[in-house]
Every structure is written in C-alpha cells, then in structure tokens.
Number of protein chains: 2
Amino acid sequence: MPPEAAMTAKKNSQDTLHEVEDRFIENWGDISALWGVNRSMGRIHALLFLAPDPLSMEEVATRLQISHGNVSTSVRDLLAWGVIKRVHQSGERKILYEAEQDPWTWFHTCIRERRRREVEPVRENLHEVKDFARQAAKEHKDSAEGRKLAITQAKVENFTKYVDEFADLIDAFLSMGSGTIGKFFRLAAKFVPKRKDLARK
Amino acid sequence: MPPEAAMTAKKNSQDTLHEVEDRFIENWGDISALWGVNRSMGRIHALLFLAPDPLSMEEVATRLQISHGNVSTSVRDLLAWGVIKRVHQSGERKILYEAEQDPWTWFHTCIRERRRREVEPVRENLHEVKDFARQAAKEHKDSAEGRKLAITQAKVENFTKYVDEFADLIDAFLSMGSGTIGKFFRLAAKFVPKRKDLARK
DNA sequence: CAGTAGTGTCAGTCTTTACTGACATTACCG
DNA sequence: CGGTAATGTCAGTAAAGACTGACACTACTG
C-alpha cells in the first residue's frame, strides 16, 4: 500500500509538460499584446524559448494551432528582431528555429531594436517640432499671440530635452553586459530611499 | 520699405501656434499608439500639457475633432493614470482639466501605473507557472518525460528570476526623485564602455 | 425644485490589425 | 534538371479595438 501510487488520477508527465508550456506561452502572449507586439510573435517566441531542441515551422504551427502563413510572417519578424535564429541541418531541406536562451540577451536585443525602430524616429520628429517652434517664436516675438507661442515653444523644448535624457538612459542600460547588470542593480539600489512601499513582495 | 513686412505671405502667429501644437500632439499620439496606449489618450494628454490654461471637455473635443464621448472616456482613464487632474472653479458648473507639467513627474507616474497594472499581474501569473512547474518536475522526476519537464522547469524558473530582477530595476528607477535622476544618469554613464556605436547623435 | 448645462455610459458602427489559406517561389533531392 | 517538400506572399476575411452619438444621469443655478 504505497501512498504515492494511490494518488488521485495523476496526469502523465507529457500532459503536464504540455500544460506548463501552455501556461508560460499564453502568459507571454498576453504580455506581448499588452505592450503593442502581436500575440503570435510572443507565443512563438515563448515556445522556441522553452523547446529543448530547435523546431520547424510546421511543428510550431501544429503546436500553437495557427496557420503556417502566420508562422512564416511571425518568424520573419522575430528573425528581424534578432531574438531567434535559423538552424540548418545537413542533408535536410527543412529549416529549424531556436530562440536565444539567455533572457538578458534577448531582452537587451528587444530594447535595442525598439529604441532604433520607434524611439529614434519619434525623437527626430520631436526635434523638428522643437526647431520649428523656436523659429516661429523668434519670428512672432513681438505680437500678443507670440507670447503664447513662446510659452509653448519652451514646453516643447523642455520636453524634448527630457526625451533625449531618457534615450541616454536607455543607451546606458544597453551598454552593460549581462555581467555588468548585477553590479548595476546593486548600484541602483543605493538610490532607493528608506521607504519600502515599493517593495516587490 | 521695411524688409520684415515684405516677407512672403507670413502666417499669423495664431496659425503658427496651432501648427506647433498639432505637430506635437500628433507625434505624441503616434508614440502612444506604438506602445499600446490608445491614440486619443495620448493626443488629449499632449494638448493639456501644452495648454497654458486648463481646458474643458468641450474645448478638447472641438480642438481635436473627436466626440465628447471619446473625450469623457479618455479623460477618465488619464485621471486614473494620474497624469491629469480636475480643476474646479467657483460658481461654475464646468470642470476643467490640466496636465502635470513636469515631464519627469508624469513619466514616473506612467511607469509606476504600468508596473502596477501590467507587470505585476503578469509576474504573479509567472510565479504560479513556476511553482506549478516545480511541483510537476518533482512528481515526475523518475520518468523519461520527467527529464524534459525538469529542463522546462529550470527555464521557467530562470526566466521568472530575471523578470523579478527587472521589476527591481524599475523600482529603483521609481524611487528616485527628479533631483536624483541627474545623479543617476551620471552614475549610469560610468557603466558605459568605451565603444561609441550607441551614441545618440 | 424645475430647468438645463455638463458629464457619463454603452450599443452599434467604423477602423485597424491580425490571421487564414490558396497560389507563387525557392532550393534541395535523386 | 524535373519533381516536390518547404517556405514565402498577399488578397480576402475575421477579430479586436476605437469612436460616435443617442440617451441617462448628475448637480448647479436661478
């Protein structure tokens, strides 16, 4: 009478593995959607991250129940972002894919790409607006409406400066190696004041 | 013959102000959309940020050419995020709204809210998956499939730990006052290695 | 305390984005 | 250098998300 063996309807380990994967994958899909990245990309990335071996597109499509067209498109994007890579195997037509395993490395990659694709264009745009505002304020500085213009110009300028500083912070973050990040955390902690109301747990 | 007055079809300063505002507002709307926040919220926030005086909902709706229903909903959300606030004026039914003027303050607020609303639930979820995976790996550790389960469990655990660390970094960032941020930037710069390929300009 | 300006809500509609699946293309195989 | 398995493309469709506007509610005002 071993109590272990008598456990109530114990699922087999394969189903359990499947469930662990699913929960992780869906969670990751949710985060992606939340932050403006499409859900399929997030799910595929999560699956490849968990998979012990590289997977083919067909395997991905079957596992996640999505069309191969969707997989093809999403995989192209993930490759462009640099968070997954191709694995060719000799004497085989099929291409396999695997995800970067170190979370820091791919997180770093995502931030860098996002900065390049999204932050930078927006920042350029903002600088144009700033320059336009400055020029306009100069031209109209004598009229009554010009005063308002000057106020707005100052705000735009202040804001732009702030965005630039933030971009610098991102750069500082990106410049750290995954070894440095630990040191950085410890250093950042020194700037945390006594109050504990932001504590995690 | 003053050359100033002869300038080619110089726009009046009110139109110019309008254009500066528009360009800033649309830019901000774009960023918002890009990062998974709806465009109306971003545009309204930008308008209130630039406005020299608080505005009513009707003024916002007219200025941005959107329905008052949309304004009402977006303003509710902006209030919940804490980036704008009501301004009551005595003997007046109408409620006016104004935006926080310090970029650091509202950026700080956005990060804090986003952490609370989005990062935290996701992190809790992840911890559940982690615990489930750990338990499952323990139960099945003797089977062949159990080995795969153990590998997956380790990945989930590693990943969770990383997300926790990142949440800590956010906390460190949030704990800084807008005075401290400057010091922080300078400190962060020390971690930037020699290579300049990430330089901004 | 009736009248009404101002605000809130939400069902329906419009807009945007994501996904599917049929067809086109590629590249390895014998 | 055909044959074909695998991948790529993209028009059409489905799903998600945002916006409008009619109606409901609220609270000031006279």
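Lettering follows sequence order; numbering is per chain, from 1.
- In this entry the distance linking CG of Asp77(B) with P of dG17(D) reads 15 Å, nearest Å.
- Trp81(A) has its ring centre no less than 6.0 Å from the ring centre of His45(A).
- Residues in residues 55-84 of chain B take part in these salt bridge (Lys or Arg N to Asp or Glu O under 4.0 Å) pairs, two or more places apart or across chains: Glu21(B)-Arg63(B), Asp22(B)-Arg63(B).
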Legend entry - CA sep, side-chain torsions, deciding dist, call: Ile44(B), Ile66(B), side chain to side chain contact (heavy atoms under 4.5 Å, CB included): CA-CA 10 Å; Ile44(B) 294 172; Ile66(B) 56 184; 4.2 Å; yes
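- Here the NE2-CD distance, from His140(B) to Gln135(B), works out to 9.5 Å after rounding to the nearest 0.5 Å.
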Identify all side-chain donor-acceptor contacts of residues 31-39 of chain B below 3.5 Å with residues at least two apart in sequence or on another chain.
| unit_1 | atom_1 | unit_2 | atom_2 | d |
| --- | --- | --- | --- | --- |
| Ser32(B) | OG | Trp28(B) | O | 2.9 |
| Asn38(B) | OD1 | Ser40(B) | N | 3.0 |
| Asn38(B) | OD1 | Met41(B) | N | 3.0 |
| Arg39(B) | NH2 | Asp30(B) | OD1 | 2.2 |

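- Evaluation of the side-chain hydrogen bond (donor to acceptor under 3.5 Å, both in side chains) test over residues 141-152 of chain B, restricted to residues two or more places apart or in two chains, returns Ser13(A)-Ser143(B).
- Put simply, CG on Leu96(B) is 17 Å from P on dA5(C), counting in whole angstrom units.
- Partners of Glu128(A) under the side-chain hydrogen bond (donor to acceptor under 3.5 Å, both in side chains) rule, at least two apart in sequence or in another chain, do not exist in this structure.
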Inset, instruction - Dump the intermediate steps for side chain to side chain contact (heavy atoms under 4.5 Å, CB included) on Leu79(B) and Ile84(B), then the final yes or no. - result: CA-CA 5 Å; Leu79(B) 284 169; Ile84(B) 67 172; 3.8 Å; yes
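- As a whole-Å value, the separation of Lys94(A) NZ from dT4(D) P is 18 Å.
- In this entry the distance linking CG of Leu34(A) with C1' of dG17(D) reads 14 Å, nearest Å.
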Inset, instruction - Could you run through nucleotides 19-30 of chain C and give me one letter per nucleotide, 5' to 3': B if any protein heavy atom sits under 4.0 Å from the base, S if only the sugar-phosphate is that close, - if neither? - result: SBBB-----BS-
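- Nucleotides of DNA chain D nearest to Ala33(A) and Tyr97(A) differ in position, and the one nearer the 5' end is that of Tyr97(A).
- Contacts between residues 43-59 of chain A and DNA chain D, defined by a heavy-atom separation under 4.0 Å, are made by Met57(A).
- When rounded to the nearest whole Å, the span between CD of Gln89(A) and P of dA5(D) equals 17 Å.
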